[in-house]
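Owing to the predicted nature of the structure, the values given are computational and were not obtained by experimental measurement.
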Amino acid sequence: QVRLVESGGGLVQPGGSLRLSCAASGSFFGVNLMGWYRQAPGKERELVAIVTGARNTNYADSVNGRFTISRDFAKNTVYLQMNSLKSEDTAIYYCYAQIRATLWDTTWSDYWGQGTQVTVSS
């Protein structure tokens, strides 16, 4: 069974930094996309940043230049370094991965972490 286990959320003051981590565990053949989404109260879940198997990255305009996504392919782990945090970054952050369960599967399936709360407040 595939699991995405997140860590690193918490409370931080405006202008501060946090680093989120997410590791994919269990039995699977391969991981394609890995990334982060977030959902603020009363809003829809939105893409924050994503990294492909080819190491290409994409960021939401609202975080570009402040957040950095990185990936350890050997550990099937994705990180999100968040700097210059603002109150509007407050949300539950969800790890996302596109995983192929076995060699014989022809499609990639979407997996989500349980979410980690990030609160930016003075």
Side-chain angles (χ1 to χ4, degrees):
Q1 184 177 359
V2 178
R3 291 182 62 208
L4 298 180
V5 181
E6 302 149 338
S7 61
L11 172 65
V12 64
Q13 292 185 344
S17 298
L18 279 176
R19 188 186 192 219
L20 305 182
S21 300
C22 171
S25 65
S27 177
F28 51 87
F29 174 72
V31 182
N32 186 21
L33 303 174
M34 293 194 83
W36 295 90
Y37 286 70
R38 68 185 181 187
Q39 187 166 19
K43 295 188 177 181
E44 294 186 353
R45 190 174 297 190
E46 62 175 1
L47 173 69
V48 177
I50 204 155
V51 54
T52 72
R55 304 179 188 269
N56 296 316
T57 58
N58 189 36
Y59 295 90
D61 289 343
S62 59
V63 307
N64 201 14
R66 299 188 296 122
F67 291 9
T68 302
I69 190 169
S70 60
R71 182 171 169 179
D72 186 329
F73 285 81
K75 296 180 179 179
N76 290 311
T77 299
V78 65
Y79 306 94
L80 186 67
Q81 178 66 43
M82 304 184 292
N83 298 329
S84 302
L85 282 160
K86 305 175 181 180
S87 58
E88 50 263 45
D89 295 317
T90 296
I92 298 174
Y93 284 69
Y94 295 92
C95 178
Y96 165 81
Q98 205 177 56
I99 293 175
R100 187 171 161 190
T102 69
L103 174 63
W104 299 275
D105 284 334
T106 57
T107 59
W108 299 87
S109 298
D110 297 331
Y111 290 84
W112 295 91
Q114 78 283 2
T116 184
Q117 177 70 47
V118 171
T119 302
V120 184
S121 175
S122 56

A.B. asks: If you group Ile, Leu, Val, Met, Phe, Trp and Tyr by side-chain heavy-atom gaps below 4.5 Å, do Tyr111 and Tyr94 land in one group?
C.D. replies: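 As far as the 4.5 Å side-chain criterion goes, Tyr94 and Tyr111 are not connected within one cluster.
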A.B. asks: Measure the CD-CD distance between Gln39 and Glu44 for me, rounded to the nearest 0.5 Å.
C.D. replies: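 Going from CD on Gln39 over to CD on Glu44, the span is 8.0 Å.
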A.B. asks: Is it true that Leu20 and Tyr59 fall in one hydrophobic cluster, defined by side-chain heavy atoms closer than 4.5 Å?
C.D. replies: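 Linked within one cluster.
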A.B. asks: How many angstroms lie between CH2 in Trp108 and CZ in Phe28, if you round to the nearest 0.5 Å?
C.D. replies: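 Atom-to-atom, Trp108:CH2 and Phe28:CZ are 10.5 Å apart.
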A.B. asks: Does Cys95 offer a backbone N or O that forms a donor-acceptor pair with the side chain of Glu6 under 3.5 Å?
C.D. replies: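 The answer is yes, because a donor-acceptor pair under 3.5 Å joins these two groups.
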A.B. asks: Can you pull out every salt bridge (Lys or Arg N to Asp or Glu O under 4.0 Å) where at least one residue sits in residues 79-104? Sequence neighbours excluded, please.
C.D. replies: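 Pairs touching residues 79-104 that pass the test: Arg38-Asp89, Arg66-Asp89.
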A.B. asks: Report the distance from atom OG1 of Thr52 to atom CG of Asn58, rounding to the nearest 0.5 Å.
C.D. replies: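 That separation rounds to 10.0 Å.
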A.B. asks: Taking ring pair (Phe, Tyr, Trp, His ring centres under 6.0 Å) as the criterion, tell me which of Tyr96, Tyr93, Trp36 meets it with Trp112.
C.D. replies: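 In the set Tyr96, Tyr93, Trp36, the residue that makes a ring pair (Phe, Tyr, Trp, His ring centres under 6.0 Å) with Trp112 is Tyr96.
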A.B. asks: Distance-only, no hydrogens or angles: does the Thr90 side chain make a donor-acceptor pair with backbone N or O of Val120 under 3.5 Å?
C.D. replies: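 Pair found, side chain donor or acceptor close to backbone of Val120.
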A.B. asks: Quick one: which of Val78, Val2, Thr77, Ile99 gives a side chain to side chain contact (heavy atoms under 4.5 Å, CB included) with Val31?
C.D. replies: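 When side chain to side chain contact (heavy atoms under 4.5 Å, CB included) is applied between Val31 and each of Val78, Val2, Thr77, Ile99, only Ile99 qualifies.
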A.B. asks: For the OG1 atom of Thr107 and the CD atom of Gln98, what is their distance to the nearest 0.5 Å?
C.D. replies: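 So the OG1 of Thr107 and the CD of Gln98 are separated by 9.5 Å.
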A.B. asks: Report the residues that fulfil salt bridge (charged side-chain N to carboxylate O under 4.0 Å, His left out) with Arg45, sequence neighbours left out, ordered by chain and then residue number.
C.D. replies: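 Counting only residues at least two positions away or on another chain, Arg45 forms no salt bridge (charged side-chain N to carboxylate O under 4.0 Å, His left out).
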A.B. asks: For Asp72 and Ala74, indicate whether the former's side chain and the latter's backbone hold a donor-acceptor pair under 3.5 Å.
C.D. replies: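 Flag set: sc Asp72 to bb Ala74 pair under 3.5 Å.
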A.B. asks: On a heavy-atom basis, which atom in Ser121 and which in Pro14 lie closest, and how many Å separate them?
C.D. replies: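 Taking Ser121 first and Pro14 second, the nearest heavy atoms are C-CD, 3.6 Å.
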A.B. asks: Between CD of Gln81 and CG of Leu18, what distance do you get to the nearest 0.5 Å?
C.D. replies: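 Here the rounded value is 8.5 Å.
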A.B. asks: If you group Ile, Leu, Val, Met, Phe, Trp and Tyr by side-chain heavy-atom gaps below 4.5 Å, do Val51 and Tyr79 land in one group?
C.D. replies: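 Unlinked, Val51 and Tyr79 end up in two clusters.
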A.B. asks: Taking all non-hydrogen atoms of both residues, which atom of Ser17 and which atom of Ser84 are closest, and how far apart?
C.D. replies: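 What the structure gives for the nearest pair is OG-N, 4.4 Å.
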A.B. asks: Hydrophobic clustering (ILVMFWY, side-chain heavy atoms < 4.5 Å, transitive) - are Val63 and Ile50 grouped together?
C.D. replies: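 No, separate clusters.
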A.B. asks: Could you pull out the closest heavy-atom pair between Ser25 and Val5, with the gap in Å?
C.D. replies: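 What the structure gives for the nearest pair is OG-CG2, 4.5 Å.
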A.B. asks: With the 4.5 Å side-chain cut-off for hydrophobic clustering, are Val118 and Leu80 part of the same group?
C.D. replies: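 Yes, it is one cluster - the side chains of Val118 and Leu80 are joined through contacts under 4.5 Å.
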A.B. asks: From Cys22 SG over to Met34 CE, what is the distance, rounded to the nearest 0.5 angstrom?
C.D. replies: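 It comes to 5.0 Å.
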A.B. asks: Could you check Asp105 against Phe29 for side chain to side chain contact (heavy atoms under 4.5 Å, CB included), going step by step and ending with a plain yes or no?
C.D. replies: CA-CA 9 Å; Asp105 284 334; Phe29 174 72; over 6 Å; no
A.B. asks: Compare every heavy atom of Gln117 with every heavy atom of Ile92, then report the nearest pair and how far apart it is.
C.D. replies: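 Taking Ile92 first and Gln117 second, the nearest heavy atoms are CG1-OE1, 3.3 Å.
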